[in-house]
Amino acid sequence: AHRRAAQPAPKPRRAFAGGRRADHPGLPRAAGHAGTGSGTAVRCNGQERRCGDLNAINSQEKSKPMNEEQRYLFDLFGFLHLKAVLTPEQLSAATAAADRYIDGAAEDRPPEFKANGKGHAHGFAFDRALEQLVFLPAVWPIVLELTNGKPMLASGTLMVDDPAIPSEAGPLHCARDDYGFESARYEVRHDRIYCDDFVVFPYLDDVHPGDGGLLVLPGSHKSEFDRP
């Protein structure tokens, strides 16, 4: 579902490129992901305040892993397409918050919240309605399984595609390309998947064929060869 325009003019599409990484004590933390955008770590008073809430959510949700179908499809293709993960109320609130960020004057925002082309930095932290996207019930158990219960948010960029502004598609890329082969792991242990670098990409608008949505190469997460 999405908010329809009152007139035929196409509206910009809004989505989040939310990079997730597992937290490895004692190992380098190369901020990156196997999707679009660039990894960025941000610390602010609000995020530090929420550390206790994150620990509580972890403990509550550890007993809810991926189901067998999701695990099979993720292992086979390297991605999952989850539908209707937002309620109409959540979608309406998130869309309104995203519009406030997109349409607001730069001087009215904290300096960390900057727009650079399509990307609007730290969009997930702009409003509580957007912050909730991090812990969507349909997504959070999957995040916990893939990170072995030790998730770390590496980026949360609000991406805006405006049909009225011409733009080129981004090239195929992944963490292995950007940060080296040692920067990402994919393993299966005890019938559970472990993947320490991935993207959660929630859309706030419908994306139709030809709109320029997210593209992936199915199975490329297991490739042993560099992409030609």
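Under the 4.5 Å side-chain criterion, counting only non-hydrogen atoms from C-beta, Glu145 is in contact with Arg71. Between Trp140 and Pro151 there is a side-chain heavy-atom pair separated by less than 4.5 Å. Here the side chains of Arg100 and Phe126 are in contact, with some heavy-atom distance below 4.5 Å.
There is no path of hydrophobic side-chain contacts, each under 4.5 Å, that joins Tyr186 to Leu217. Hydrophobic clustering (side-chain heavy atoms under 4.5 Å, transitive across Ile, Leu, Val, Met, Phe, Trp, Tyr) keeps Leu172 apart from Phe198.
The backbone N or O of Tyr194 sits nowhere less than 3.5 Å from a side-chain atom of Arg189 that would complete a donor-acceptor pair.
Annotation: salt bridge (charged side-chain N to carboxylate O under 4.0 Å, His left out) contacts of Lys222 (sequence neighbours excluded): Asp75. By the side-chain contact (heavy atoms from CB on, under 4.5 Å) test, Ala129 is found to be paired with Ala93, Ala97, Asp127, residues two or more places apart in sequence or in another chain being considered.
Between His122 and Phe113, the ring-plane angle classifies as perpendicular under the 30° and 60° cut-offs. Taking the six-membered ring where tryptophan is involved, the planes of His120 and Tyr101 are perpendicular, since the angle between them exceeds 60° and thus also 30°.
Ring to ring, Phe201 and Tyr203 are close: their centroids are under 6.0 angstrom apart.
The local environment of CG in Asp108 is crowded, with over 12 non-hydrogen atoms from other residues, nucleotides or ligands closer than 6.0 Å.
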